[in-house]
2 protein chains.
Amino acid sequence: MANPEPSELGPGLSEQVAEALRERIISGQLPGGSKLNERELSAELQVSRIPLREALPLLEAEGFIHSEARRGSFVHTFTLRDAVEVFDLRLRLEPFAAQCAALRVAGGASPEDLLASLEFARTGVPGEQASGRNSDLHEEIVRLADHDLLRRLSSLLNGRVRWLFRLTPERDTPGMWEEHAELVHAIAEGRPALAEALASAHVERGRHASLPHLSERLPSEPVPRRGRKTRSPA
Amino acid sequence: MANPEPSELGPGLSEQVAEALRERIISGQLPGGSKLNERELSAELQVSRIPLREALPLLEAEGFIHSEARRGSFVHTFTLRDAVEVFDLRLRLEPFAAQCAALRVAGGASPEDLLASLEFARTGVPGEQASGRNSDLHEEIVRLADHDLLRRLSSLLNGRVRWLFRLTPERDTPGMWEEHAELVHAIAEGRPALAEALASAHVERGRHASLPHLSERLPSEPVPRRGRKTRSPA
DNA sequence: CCGGAAACTTTTGAATACCAAATAGCGCAA
DNA sequence: TTGCGCTATTTGGTATTCAAAAGTTTCCGG
């Protein structure tokens, strides 16, 4: 019944469910504080409760939701503090990723995928999906770094990065593309120290540019607790 | 049947299952390359397949196992490269945690839990479970840092840290306790820059002391592929 | 005697049905 | 109006079942 495509050799149904929920949360379709009703969601996503219940612990580990025993799962409310924390950790991980990537290039790895990603980011429509292209670039750096544990930590961080970027559409700071280009070229030339420093500067500039906007738009605390099931109407 | 304790208001069954498997993997009871048979394990742990299948994706996100579609889950083989990666990321995260914790103390937070943890680490039996006490101290620092995203990334890292420590029993380097004491006191005095630097030095010393031992004991690559179901006998 | 194809078996992925416990909302009474 | 108890929904978990894919074994032909 729930199997219109017999050859689902993809990433497993529970991960598809997790990704679908992730997107709904990031897009604001499921606002902070929403209760995730298992039956409702499994009906909506056309799956049984099994893959859904496999997806929820993943989303909880990523900080998208939090579950209380016997009370259900609720969408996390993204606060200003969360935004600060994202920048805190990007500032620690992205310079390391850049350093690793540059070291790999210096050791003989090819940066062509990274350069292609930069080119793709440049040729895209200026305002359209700038956040997605930004994330893609950073993911490409992590891939080039070829560091398994870094990849895991980054993917955990990345969900929140995407969430944050969705909340700040005016991220097309003039000069940001130049920063990306400088960083990518430092990596492509195999200069780890320069790449690390540029990545630090890039994150720090992003923090400085974003936080003023965010402090107006984000709540400072998760909203005490209101009555009914917090769902957005159709 | 599988409910001898009716008041399981604890951390949820799937997390208990995850923790049990984590322990078996870290302790070597489930060696690298072992196939995790769902039926076998659920029978052994006295649970149904549901909590088990909720636990497996968590273990996969932590890098303890890797799952191939329709082929099952296999215990990750801890290699020398993994050990290097653990130190790489401890070197980035623990200094930040120490800095945060010291800042919190400077802002008025009480370091008493951290000092108690240090005292407990000192009064324990020297050789007995040194690894556990070491991890506890670092977890206490992260707790004091009061940084949600850092906590999540650290908990992901922590599983591998414990795994690594179990593989190196001779971690009681003389002077390690002094390092810990210095670090804790820098935090307790609210000196972020000093705490950060000491944490960096601590991790770097640990790397230098451990890697020579590890390079003899750990495989360089995951072992091509063994014959049958790789299980240790009872 | 060895290699390959077909049939069989095992195991995973997923659905369905079901149950117990606990929370939450509701009505009722003081 | 406010506090209390009842009902009803929902979660956490089990057992059972099914389809499909992977692995294994067997058997036949060269």
Side-chain angles (χ1 to χ4, degrees), chain A residues 1-21 30 33-61 65-75 224-231, chain B residues 1-21 30 33-61 65-75 224-231:
Chain A
M1 178 213 288
N3 196 7
E5 301 174 23
S7 59
E8 290 252 4
L9 42 134
L13 195 45
S14 56
E15 294 171 37
Q16 291 177 245
V17 169
E19 181 56 26
L21 291 178
L30 285 171
S34 306
K35 179 168 165 56
L36 299 180
N37 185 305
E38 288 187 3
R39 292 184 145 74
E40 199 175 319
L41 279 178
S42 58
E44 209 163 317
L45 298 175
Q46 305 259 351
V47 296
S48 74
R49 286 171 66 201
I50 305 284
L52 188 69
R53 288 182 50 169
E54 288 171 353
L56 292 182
L58 286 177
L59 293 175
E60 185 166 26
I65 65 176
H66 73 114
S67 302
E68 296 173 46
R70 305 255 173 207
R71 286 185 28 79
S73 302
F74 301 85
V75 176
R225 186 72 168 77
R226 260 304 305 120
R228 301 277 309 157
K229 46 191 306 190
T230 322
R231 277 298 305 279
Chain B
M1 179 221 282
N3 196 5
E5 301 175 22
S7 59
E8 290 250 4
L9 41 135
L13 194 45
S14 57
E15 294 172 36
Q16 290 176 246
V17 169
E19 181 55 27
L21 291 178
L30 284 171
S34 306
K35 179 168 164 56
L36 299 180
N37 185 305
E38 289 188 4
R39 290 182 146 73
E40 199 175 319
L41 278 179
S42 57
E44 209 164 319
L45 297 174
Q46 306 259 352
V47 295
S48 73
R49 287 170 66 200
I50 302 287
L52 188 69
R53 288 183 48 155
E54 287 173 350
L56 292 183
L58 288 177
L59 293 175
E60 185 167 26
I65 66 177
H66 74 113
S67 302
E68 295 173 48
R70 305 261 173 200
R71 286 185 31 80
S73 301
F74 302 84
V75 176
R225 188 71 168 78
R226 269 280 298 105
R228 298 276 306 157
K229 46 193 305 188
T230 321
R231 278 296 305 277

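Note on naming: letters A, B, ... go to the chains in the order of the sequence lines (proteins, then strands), and numbering restarts at 1 for each one.
Summarising the geometry, the separation between CD on Glu60(A) and P on dT11(D) is reported as 14 Å, rounded to the nearest angstrom. Per the geometry, CD belonging to Glu68(B) stands 11 Å off P belonging to dG13(C), to the nearest Å. If you measure from atom CZ of Phe74(B) to atom P of dA22(D), you get 12 Å, rounded to the nearest angstrom. Rounded to a whole Å, the CD1 atom of Ile50(A) is 16 Å from the P atom of dT17(D). Atom CD of Gln46(A) and atom C1' of dG13(C) are 18 Å apart (whole Å). Atom CD in Glu54(A) sits about 8 Å away from atom C1' in dG13(C), given to the nearest Å. The interatomic distance linking Glu40(A) (CD) with dT10(D) (P) rounds to 9 Å, in whole Å. Rounded to whole angstrom, the span from the CD atom of Glu38(A) across to the C1' atom of dT9(D) amounts to 13 Å.
Remark: Lys35(B) is in phosphate contact with dT12(C), judged by side-chain N or O atoms under 4.0 Å from OP1 or OP2.
For dG13(D), its base never sits under 3.5 Å from the side chain of Arg70(A) at any donor and acceptor pair. For Arg49(B) against dG13(D), a side-chain-to-base donor-acceptor contact under 3.5 Å is absent.
Along DNA chain D, the nucleotide nearest Arg39(B) and the nucleotide nearest Pro51(B) are compared for position; the residue whose nucleotide lies closer to the 5' end is Pro51(B).
Listed by chain and number, the residues in a side chain to side chain contact (heavy atoms under 4.5 Å, CB included) with Ile50(A) are Ser48(A), Glu54(A), Ile50(B) (sequence neighbours excluded). Residues that satisfy the side chain to side chain donor-acceptor pair (under 3.5 Å) test with Glu38(A), not counting sequence neighbours, are Arg49(A).
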* To do: Apply side-chain contact (heavy atoms from CB on, under 4.5 Å) to the pair Leu41(B) and Leu21(B), showing each step before the final yes or no.
  => CA-CA 9 Å; Leu41(B) 278 179; Leu21(B) 291 178; 4.1 Å; yes
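Nearest approach of Leu30(B) to Val75(B), heavy atoms of both residues: O-CG1, 3.7 Å.
Expressed to the nearest 0.5 Å, how far NZ of Lys35(A) lies from OG of Ser73(A) amounts to 7.5 Å.
Note on Leu52(B): nothing from the nucleic acid sits closer than 4.0 angstrom, heavy atoms only.
Residue Arg53(B) has its side chain nearest to dG13(C) when only dG13(D), dG13(C), dT11(D) are considered.
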